[in-house]
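What follows is one structure encoded as structure tokens, with my remarks underneath.
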Amino acid sequence: MPWSALLRMRSSKPQNPSANEGWDLERYLEKAWKRVRHCHGAAGIDRVSVQAFGRDHRIALKELARLTRSGEFAFSRLKAVSVPKPDGSLRPLEIPTVRDRVVLQAMRLAVQPGLERHMSPSSYAYRDGRGVHEALAAIRDSLARSAVWIVKTDIRRFFESIDHDHLRRSLHDHGCRQGAHPLLNSALQISSTHRPRSRGVAQGSPLSPLLANASLIEFDREVQRRGGLIRYADDMVISTASRVEAKHALRLAKQQCREMGLQLHPKKTCVIDARKTAFEFLGFEITPTQIRPATRNIRKIEEAIDHWLNPNQRLSSPKRVDRLNAVLRSFVWYYRTTDCDRILLDLDARIRQRCDDLRSKQYPRGWGTKIVQPSRLRGELWHGSKPSHTSDDWSGYG
């Protein structure tokens, strides 16, 4: 149901609410709050935590519904933070307050179903039922069909560079008639300064991933006509059958980006014959015959094992086990469908060696048996969803 329609609805309950799920703004805000609570997340600029908001969330949600319907709701400034990327640079994040996250999440829940019908099958990020492993399967299929000439690229400073006018047109053209609604305009303009944002969307807002995908709907359609596009946010590969087709696809992608005020990253753009050169995508190293964890991520998991099992770390054995197991579960779950048997066995051996070093120093025999074995864990996680008690280190997207 369109967000603008929700704002016009009265709070009187329909005769058969079960036949009108999501019938009112309060219902959307309640669903949004559950998602915000599940994701935890840091407090915003007002320093109100998720836990603090949750203590009186029913009263807070009623007040949010009243303010949005009356047009009195106003977003707060964003809290600016930076997080390290795999290449050593920093990714800027801007964190909304918890109350703002609830409203932004409710907007996403209301708008997404209509936009989803227009999105390309080549888009894999931030969509229900799609993700990294589905994108990886699509690459396997393309390579199996001999589409071995690969355009590897990403969009430079994508989230910061999205043109608002283009985004509003895309929202309107693809069924989101509330693209010019004042509340959506306000959501686009919130920033971490006192100046309204004139370009880009905030990395950290629950609405931003949907808006980012919406801005590339036409890009996906046009580029898909030239080759097998697989796009995960701003990171993408285009698989083609020949070098000539790959060059045409790259020219088209550059042209489409220019028309949107975007630019492909010159240092991350290349044309590769995958039969001769492996390429990396989302933390995977890919050839036509093998997909394995990227070398940098193998090194990263080895460093994590060494860190948490370092005898010089003054930690209790339960804390070592919990922290290390979280990282191992995430790594194994992320790479469970790859050719990683040898890598996981090597990790088993590394863990045993580090545990032996610790046992001789300070811990009794057998303490390390509570550490998961990567090679055994893989079979347990093969068909399952992401396990609880994991780390966020292995998103692959950096």
Side-chain angles (χ1 to χ4, degrees), residues 3-4 6-7 9 11 22 24-85 90-112 126 159-160 162 164 178 181-198 200-212 322-323 326 386 388-393 395:
W3 178 255
S4 54
L6 284 174
L7 298 183
M9 296 193 88
S11 56
D24 64 349
L25 180 57
E26 285 85 352
R27 179 81 54 94
Y28 270 83
L29 289 170
E30 181 67 36
K31 288 181 178 179
W33 158 241
K34 289 179 180 177
R35 295 204 177 196
V36 170
R37 181 180 59 191
H38 176 75
C39 293
H40 305 294
I45 199 167
D46 62 357
R47 299 184 180 179
V48 175
S49 66
V50 173
Q51 293 79 5
F53 185 93
R55 284 195 283 270
D56 296 308
H57 73 275
R58 289 185 177 84
I59 295 172
L61 294 182
K62 286 182 180 179
E63 178 65 5
L64 286 178
R66 184 189 69 79
L67 290 172
T68 50
R69 280 206 180 92
S70 66
E72 299 174 67
F73 180 84
F75 291 104
S76 303
R77 281 193 299 119
L78 301 167
K79 178 181 176 182
V81 297
S82 297
V83 296
K85 296 169 66 173
L90 294 175
R91 185 190 305 282
L93 293 182
E94 294 174 299
I95 302 172
T97 63
V98 176
R99 72 192 288 270
D100 288 359
R101 291 210 291 273
V102 172
V103 172
L104 291 164
Q105 184 70 258
M107 294 172 71
R108 186 189 73 79
L109 291 171
V111 169
Q112 185 162 7
Y126 318 127
F159 280 85
E160 300 101 306
I162 293 172
H164 286 186
Q178 65 274 30
H181 192 279
L183 192 62
L184 184 53
N185 279 325
S186 296
L188 283 176
Q189 293 172 2
I190 54 175
S191 72
S192 55
T193 70
H194 291 286
R195 288 184 174 182
R197 184 188 305 273
S198 59
V201 295
Q203 293 192 66
S205 163
L207 184 61
S208 293
L210 175 64
L211 297 178
D322 288 347
R323 299 287 176 82
K386 189 174 184 179
S388 58
H389 307 298
T390 57
S391 163
D392 292 331
D393 288 347
S395 65

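Note that the coordinates shown come from a computational prediction; the quantities given were computed from them, not determined experimentally.
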>> For Phe53 versus Ala60, what's the shortest heavy-atom pair and its separation?
In response: CZ-CB, 3.6 Å
> Does any non-hydrogen side-chain atom of Thr68 lie less than 4.5 Å from one of Leu25?
Replying inline: yes
> Between Tyr28 and Ala106, which heavy-atom pair has the shortest distance, and what is it?
Replying inline: CD2-O, 3.8 Å
> Roughly how far apart are Leu67 CG and Lys62 NZ, rounded to 0.5 Å?
Replying inline: 14.5 Å
> Is the CZ atom of Arg58 crowded by more than 12 outside heavy atoms at less than 6.0 Å?
Replying inline: no
>> I want to check something: taking the side chain as every heavy atom from C-beta on, are Leu61 and Leu64 in contact at a cut-off of under 4.5 Å?
In response: yes
>> Do Arg101 and Val50 make a side-chain contact, defined as non-hydrogen atoms from C-beta onward lying under 4.5 Å apart?
In response: yes
> What pair of heavy atoms forms the shortest contact from Ile95 to Ala43, and how long is it?
Replying inline: CG2-O, 4.1 Å
> Has the side chain of His57 got a donor or acceptor atom that lies under 3.5 Å from a matching backbone atom of Gly54?
Replying inline: yes
> Considering only heavy atoms from C-beta outward, does the side chain of Asp46 approach that of Ser76 to under 4.5 Å?
Replying inline: no
> What's the shortest heavy-atom distance between Ala202 and Arg197, and which atoms?
Replying inline: CB-NH2, 3.5 Å
>> With heavy-atom distances below 4.5 Å as the criterion, would you say the side chains of Leu104 and Ile190 are in contact?
In response: yes
>> For a 4.5 angstrom cut-off between non-hydrogen side-chain atoms, does Leu78 reach Asp100?
In response: no
> About how many Å separate CZ of Arg27 and CG of Leu109, when rounded to the nearest 0.5 Å?
Replying inline: 12.5 Å
> For Leu211 and Ile162, what are the C-alpha separation, side-chain angles and deciding distance, and is it a side-chain contact (heavy atoms from CB on, under 4.5 Å)?
Replying inline: CA-CA 9 Å; Leu211 297 178; Ile162 293 172; 6.0 Å; no
>> Let me confirm one number: the CD1-NZ distance from Ile45 to Lys79, rounded to the nearest 0.5 Å.
In response: 9.0 Å
> Can you tell me how far the NE2 atom of His38 sits from the NZ atom of Lys34, to the nearest 0.5 Å?
Replying inline: 13.0 Å
> When you look at Thr97 and Phe75, which way does the side-chain contact (heavy atoms from CB on, under 4.5 Å) test go after all the steps?
Replying inline: CA-CA 9 Å; Thr97 63; Phe75 291 104; over 6 Å; no
> Can you tell me how far OG of Ser49 sits from CZ of Arg55, rounded to the nearest 0.5 angstrom?
Replying inline: 6.0 Å
> Should Arg35 and Arg108 count as side-chain neighbours, where that means a heavy-atom distance under 4.5 Å?
Replying inline: yes
> Knowing that exactly one of Ser205, Ser192, Ser208 qualifies, which makes a side chain to side chain donor-acceptor pair (under 3.5 Å) with Glu94?
Replying inline: Ser192
>> Would Arg99 and Val48 count as a side-chain contact (heavy atoms from CB on, under 4.5 Å) here? Give the steps.
In response: CA-CA 9 Å; Arg99 72 192 288 270; Val48 175; over 6 Å; no
> Given Leu184 and Leu207, is the side-chain contact (heavy atoms from CB on, under 4.5 Å) satisfied, shown in steps?
Replying inline: CA-CA 10 Å; Leu184 184 53; Leu207 184 61; 3.9 Å; yes
>> Measuring only between side-chain heavy atoms, which start at C-beta, is Gln105 closer than 4.5 Å to Lys31?
In response: no
>> If you apply the rule salt bridge (charged side-chain N to carboxylate O under 4.0 Å, His left out), what do you find for Glu63 with Arg66, and how did you get there?
In response: CA-CA 5 Å; Glu63 178 65 5; Arg66 184 189 69 79; 2.8 Å; yes
> So Tyr126 and Phe159, would you call those rings parallel, tilted or perpendicular, with 30° and 60° as cut-offs?
Replying inline: perpendicular
